[in-house]
Amino acid sequence: SSGVTDKDEL
Amino acid sequence: MNIFRLAGDMSHLFSILLLLLKIHTIKSCAGVSLKTQELYALVFATRYLDIFTGYISLYNTLMKMFFLWSSFTIVWYMRYHNVVRRSYDKDQDTFRHYFLILPCFILALLVHEKFTFLEVLWTFSLYLEAVAILPQLVLLQRTRNVDNLTGHYVFFLGAYRSFYILNWIYRYFTEQNYYKWITWISGLVQTALYADFFYYYVKSWRNSERLQLPA
């Protein structure tokens, strides 16, 4: 994961 | 999901439940800033558009739906509910919140990770969330004798932000390639805004007094 697309946080 | 992230989300959930309890049960929104609530509704509406484009988990989707529903419900109560709207401190809640929206949007156009529609709106929501509490803090400062529910509401909102910082530190050390500069810097700014409030909240709690912020 690049940190760009993974929006698992609210 | 780590314990800090869960504690943060639960604090956030709890703060909103406190506010809904005050508004729905006591039928009062005294001391609550409509400006801040409108900004939160905009924050959630621009950030959670990804409900339609991707799936992360049932937990994630349900929480997003709750935050969207609750923020618009609170704004509706404060604007239109026959009884609740009369308790709104309109004359004290004078922060020009529209002036926060444009700078945040311009900043999101300039500083983002990817120049796409969803990504720019997501970044905008982070910048806006960082400053959205300002009208509420200004209103608290103007309100003599802050009632307990409103004080606790702001305290748990601040606790939510503090737990998220612990969550980022934890994830940075336990996950590979976990770094999110934009999220971190906006989160730090947001948490710093609560520092002054926290000081007076803890002080009034230790002296078992009502919360009173200095003018």
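Within every chain, numbering begins at 1; the chains are lettered A, B, ... in the order of the sequence lines, protein sequences first and strands thereafter.
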Please check if atom CZ in Phe115(B) has more than 12 non-hydrogen atoms from other residues, nucleotides or ligands closer than 6.0 Å.
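Count not over threshold, so no.
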
Does Asp147(B) form a side-chain contact (heavy atoms from CB on, under 4.5 Å) with Thr150(B)? I'd like the steps, not just the answer.
CA-CA 6 Å; Asp147(B) 74 87; Thr150(B) 312; 2.8 Å; yes

May I ask you to establish whether Lys7(A) and Trp122(B) are in a cation-pi arrangement, using a distance under 6.0 Å from NZ or CZ to the six-membered ring centre and at most 45° from the ring axis?
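Yes, Lys7(A) sits over the ring of Trp122(B).
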
According to side chain to side chain contact (heavy atoms under 4.5 Å, CB included), who are the partners of Leu10(A), at least two apart in sequence or on a separate chain?
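Scan of Leu10(A) (side chain to side chain contact (heavy atoms under 4.5 Å, CB included), adjacent residues dropped) gives Arg5(B), Asp9(B), Tyr48(B), Tyr59(B), Asn60(B), Met63(B), Lys64(B), Phe67(B), Tyr164(B).
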
Side chain to side chain contact (heavy atoms under 4.5 Å, CB included) partner of Thr123(B), chosen from Glu113(B), Lys114(B), His112(B)
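That would be His112(B); it is the only one of Glu113(B), Lys114(B), His112(B) passing the side chain to side chain contact (heavy atoms under 4.5 Å, CB included) with Thr123(B).
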
Least distance between heavy atoms, His97(B) atom then Pro135(B) atom
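Taking His97(B) first and Pro135(B) second, the nearest heavy atoms are CB-CG, 4.4 Å.
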
By number, which residues in residues 10-18 of chain B have some heavy atom less than 4.5 Å away from chain A?
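Contacts with chain A: none.
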
Proximal to chain A - members of residues 20-47 of chain B, heavy-atom separation under 4.5 Å:
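The residues closer than 4.5 Å to chain A, in numerical order, are Arg47(B).
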
For a ring-ring contact (aromatic ring centres under 6.0 Å, His included) with Tyr201(B), tell me which candidate from Tyr199(B), Phe197(B), Trp205(B), Phe198(B) qualifies.
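Running ring-ring contact (aromatic ring centres under 6.0 Å, His included) over Tyr199(B), Phe197(B), Trp205(B), Phe198(B) with Tyr201(B) returns exactly one hit, Phe197(B).
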
Tell me every residue that passes ring-ring contact (aromatic ring centres under 6.0 Å, His included) with Phe95(B), counting only those two or more places apart in sequence or in another chain.
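Once residues adjacent in sequence are excluded, Phe95(B) has no partner under the ring-ring contact (aromatic ring centres under 6.0 Å, His included) criterion.
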
Closest-packed option against chain A by number of heavy-atom pairs under 4.5 Å, given Asp50(B), Asn167(B), Thr183(B):
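Option with the greatest count: Asn167(B).
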
Can you measure from CG (Leu166(B)) to CZ (Phe4(B)) and round to the nearest 0.5 angstrom?
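Output value for this atom pair is 5.5 Å.
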
State, with a plain yes or no, whether a side-chain heavy atom of Glu129(B) is found less than 4.5 Å away from one of Arg161(B).
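Answer yes - side chains close enough.
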
